[in-house]
Asker: 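Please see the structure below; I have some questions.
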Amino acid sequence: TVNALAADADAACAAVARGRPCIKVKIGSAPFAEDLARLSAIRDAIGPSVALRADANRAWPDDALAAHLAALAPLHLEYVEEPIAGGGRALARLGEVPAVPLALDESLADAHADAWLDAALTSRQIAVLVLKPMLLGGPLRCLELAERARAAGVDVVVSHLLDGPIALAAAIELARALGPS
């Protein structure tokens, strides 16, 4: 699914009008109440049939995670990326299944990711791995991570870092090779 970044309801509606079936919203730089209101407005504007994702960029304190996810649950987000500062290592230690699916992204570039990744994948805390070939060392590393994720029943999304044309083409080919999750 090709998503579109949207900062507000108008941008989200414009992206949907251009045929984008998925909207991604960067959150975490404003107070949570403001992010919740913005996400609610976007969900109301785009309706329930358009996928909605949020990327918190590790902005939430660990102790706020459960409350924030519970508040977001009525919005039916596809997932929230990297919600807490501790990243994947901290999410692997969570005791309960979150109210909204969670995704790992930049945590996967952690030099110690292999030490905690399998625990995170099998903990039922993580629903999606967001694979960025240029961040993770190329397509071969992404293929290995995708295999581990799928073996644990975790979906895979291929993304990019606003790369140049060659790196973007590699990410597109990786997504084609992986096929649907």
Asker: Are D105 and L135 close enough that some pair of their side-chain heavy atoms sits under 4.5 Å apart?
Answerer: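 Yes - at least one pair of side-chain heavy atoms lies under 4.5 Å apart.
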
Asker: Please list all pairs passing the ring pair (Phe, Tyr, Trp, His ring centres under 6.0 Å) test where one or both residues lie in residues 138-159, with sequence neighbours left out.
Answerer: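 Qualifying pairs: none.
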
Asker: If I compare all heavy atoms of P133 with all of V158, which pair ends up nearest, and what's the gap?
Answerer: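 Heavy atoms of P133 and V158 come nearest at CD-CG1, 4.4 Å.
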
Asker: Report the residues that fulfil salt bridge (Lys or Arg N to Asp or Glu O under 4.0 Å) with D118, sequence neighbours left out, ordered by chain and then residue number.
Answerer: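 Applying salt bridge (Lys or Arg N to Asp or Glu O under 4.0 Å) to D118 gives R148.
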
Asker: Which atom pair, heavy atoms only, marks the closest approach of A99 to L69?
Answerer: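 Of all heavy-atom pairs spanning A99 and L69, the closest is CB-O, 3.9 Å.
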
Asker: Using the ring of each side chain (for Trp, its six-membered ring), is H68 parallel, tilted or perpendicular to F32, with breaks at 30° and 60°?
Answerer: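 Taking F32 first and then H68, their aromatic rings lie parallel (interplane angle under 30°).
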
Asker: Calculate, to the nearest 0.5 Å, the distance between atoms CG and CG belonging to D110 and L117 respectively.
Answerer: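 Rounded to the nearest 0.5 Å, the CG-CG separation comes to 10.0 Å.
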
Asker: Under the rule for side chain to side chain donor-acceptor pair (under 3.5 Å), what residues qualify as partners of E81, not counting sequence neighbours?
Answerer: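 If we apply the side chain to side chain donor-acceptor pair (under 3.5 Å) test to E81, skipping adjacent residues, the hits are K24.
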
Asker: Do any N or O atoms from the side chain of E82 and from the backbone of S107 form a donor-acceptor pair under 3.5 angstrom?
Answerer: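 Confirmed, E82 side chain pairs with S107 backbone.
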
Asker: So, N57 side chain and A59 main chain: donor-acceptor pair closer than 3.5 Å or not?
Answerer: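 No, because the side chain of N57 does not come within donor-acceptor range (under 3.5 Å) of the backbone of A59.
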
Asker: Can you give me the closest heavy-atom contact between D62 and A85, atom names plus distance?
Answerer: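 So the two residues come closest at OD1-N, 3.9 Å.
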
Asker: Hey, what do you get for CE (M134) to SG (C142), rounding to the nearest 0.5 Å?
Answerer: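 It comes to 10.5 Å.
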
Asker: Can you find a pair of side-chain heavy atoms, one from V128 and one from E78, that are under 4.5 Å apart?
Answerer: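 Sidechains of E78 and V128: no contact.
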
Asker: Is there a side-chain contact between V130 and Y79, using heavy atoms and a 4.5 Å cut-off?
Answerer: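 Of all side-chain heavy-atom pairs linking Y79 with V130, at least one is under 4.5 Å.
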
Asker: Going by ring pair (Phe, Tyr, Trp, His ring centres under 6.0 Å), name the pairs with one or both residues in residues 124-159, residues two or more places apart or in two chains.
Answerer: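 Passing the test, one end in residues 124-159: no pairs.
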
Asker: Could you tell me the separation between the CG atom of L108 and the CZ atom of R141, rounded to the nearest 0.5 Å?
Answerer: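 Spacing of CG (L108) from CZ (R141) equals 8.0 Å.
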
Asker: Taking only residues at least two apart or on different chains, which pairs with a member in residues 37-50 satisfy salt bridge (Lys or Arg N to Asp or Glu O under 4.0 Å)?
Answerer: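 Those involving residues 37-50 are D35-R38.
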
Asker: Out of curiosity, I84 CD1 to L65 CG, how far, rounded to the nearest 0.5 Å?
Answerer: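 One finds 5.5 Å between CD1 of I84 and CG of L65.
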
Asker: Taking the side chain as C-beta and beyond, is there a heavy-atom pair between L129 and L121 under 4.5 Å?
Answerer: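 They are in contact (side-chain heavy atoms under 4.5 Å apart), so the answer is yes.
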
Asker: According to the ring pair (Phe, Tyr, Trp, His ring centres under 6.0 Å) rule, which pairs have a member within residues 120-155, sequence neighbours left out?
Answerer: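 Qualifying pairs, neighbours excluded: none.
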
Asker: Atom CD of residue position E147 - does it have more than 12 heavy atoms of other residues, nucleotides or ligands inside 6.0 Å?
Answerer: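 Count not over threshold, so no.
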
Asker: For residues R53 and C22, determine if any side-chain heavy atom of one lies less than 4.5 Å from a side-chain heavy atom of the other.
Answerer: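 Yes, at least one pair of side-chain atoms sits under 4.5 Å.
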
